[in-house]
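I have placed the structure first, in the form of structure tokens, so that the comments after it can refer back to it.
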Amino acid sequence: MNETICGADCGLCPMQAACGGCRKTGGHPFGGNCVLAECCRDRGQTDCGACGGACATKAALIAEFNALHISGLPPVTDLNALRGAFVNLEYTLPNGQKAKLLRDDDICLGNLFQPEDGTRCLGIAADDRYLLVCAFGPEGADAEVLLWKRRTP
């Protein structure tokens, strides 16, 4: 039996030992929440394959991102499962404080868009509560929040 719920190949992941595996942790790899495991649980399924490859959570998030019509953001066609710590950049808030907006140990869905002209990258990420669209330079430098929005159920 596959260790994952989403179908990812755990054998290719360098974080496998720290993760614990979806099935072994009851859908809480790294101790956090996983949007895909929650989707399966909500639908009474054991894994994403039970939905025939048509993930309702991914489809809903893709539609939510595309409905934002953010300048420079190309149409979103796919999202990848990502550990929050990989995409959780530190942003400077209007009051000058620095903050991270996602939870490091959660698995969210997101994607990266690298412009051909070498300008700032755009990143998108979503968990069960929020949509995030950001821009940043090399190595995540000068991260800027373009949109931080509570999702509507």
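A quick note: this is a predicted structure, and the numbers were derived from the prediction, not measured. Side-chain atoms are counted along with the backbone in the values below, which use heavy atoms only and exclude waters and symmetry mates. Throughout, residue positions are numbered sequentially from 1 according to the sequence presented.
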Margin query: List the residues meeting side-chain hydrogen bond (donor to acceptor under 3.5 Å, both in side chains) with Glu64, not counting sequence neighbours, and say none if there are none.
Written below: Arg151

Donor-acceptor pairs under 3.5 Å, side chain of residues 30-41 to any protein atom, not counting sequence neighbours: which ones?
| from | atom 1 | to | atom 2 | distance (Å) |
| --- | --- | --- | --- | --- |
| Asn33 | OD1 | His28 | ND1 | 3.3 |
| Arg41 | NH1 | Gly26 | O | 3.2 |

Item checked: Side-chain heavy atoms of Leu109 within contact of Thr57, under 4.5 Å -> yes

Check: Do you know which two heavy atoms are closest between Lys100 and Glu90, and how far apart they sit?
Finding: CG-CA, 4.2 Å

Next item on the list: Please name the pair of heavy atoms, one in Leu102 and one in Ala125, separated by the smallest distance, quoted to 0.1 Å.
Entry: CD1-CB, 3.9 Å

Check: Transitively linked via ILVMFWY side-chain contacts under 4.5 Å: Ile70 with Ile62?
Finding: yes

Notebook entry, point to check: Considering residues at least two apart in sequence or located in another chain, which fulfil the side-chain hydrogen bond (donor to acceptor under 3.5 Å, both in side chains) criterion with Arg103?
Noted result: Asp106, Asp128

Note to self: Tell me the closest heavy-atom pair linking Leu89 and Gly140, and the distance in Å.
What the structure shows: CD2-CA, 4.1 Å

Notebook entry, point to check: Under a 4.5 Å cut-off applied to non-hydrogen side-chain atoms, are Leu68 and Val133 in contact?
Noted result: yes

Notebook entry, point to check: Should Phe86 and Ile107 count as side-chain neighbours, where that means a heavy-atom distance under 4.5 Å?
Noted result: no

Margin query: Filter on salt bridge (Lys or Arg N to Asp or Glu O under 4.0 Å), then keep only pairs touching residues 136-150, sequence neighbours left out; what's left?
Written below: Arg120-Glu144

Item checked: For Leu132 against Phe65, the heavy-atom pair lying closest together -> O-CE2, 3.7 Å

Note to self: Grouping I, L, V, M, F, W and Y whenever their side-chain heavy atoms are under 4.5 Å apart, do Leu82 and Leu147 come out in a common cluster?
What the structure shows: no

Notebook entry, point to check: Listed by chain and number, what are the side-chain hydrogen bond (donor to acceptor under 3.5 Å, both in side chains) partners of Asn88, not counting sequence neighbours?
Noted result: Asp104

Note to self: Check for me, please, whether Leu146 and Tyr130 land in the same ILVMFWY cluster - side-chain distances under 4.5 Å, paths through other members count.
What the structure shows: no

Check: Any side-chain heavy atom of Leu61 sitting closer than 4.5 Å to one from Leu131?
Finding: yes

Note to self: Taking side-chain contact (heavy atoms from CB on, under 4.5 Å) as the definition, give me every residue that meets it alongside Phe113, ordered by chain and number, with sequence neighbours left out.
What the structure shows: Leu73, Pro74, Val76, Asn111, Leu122, Ile124

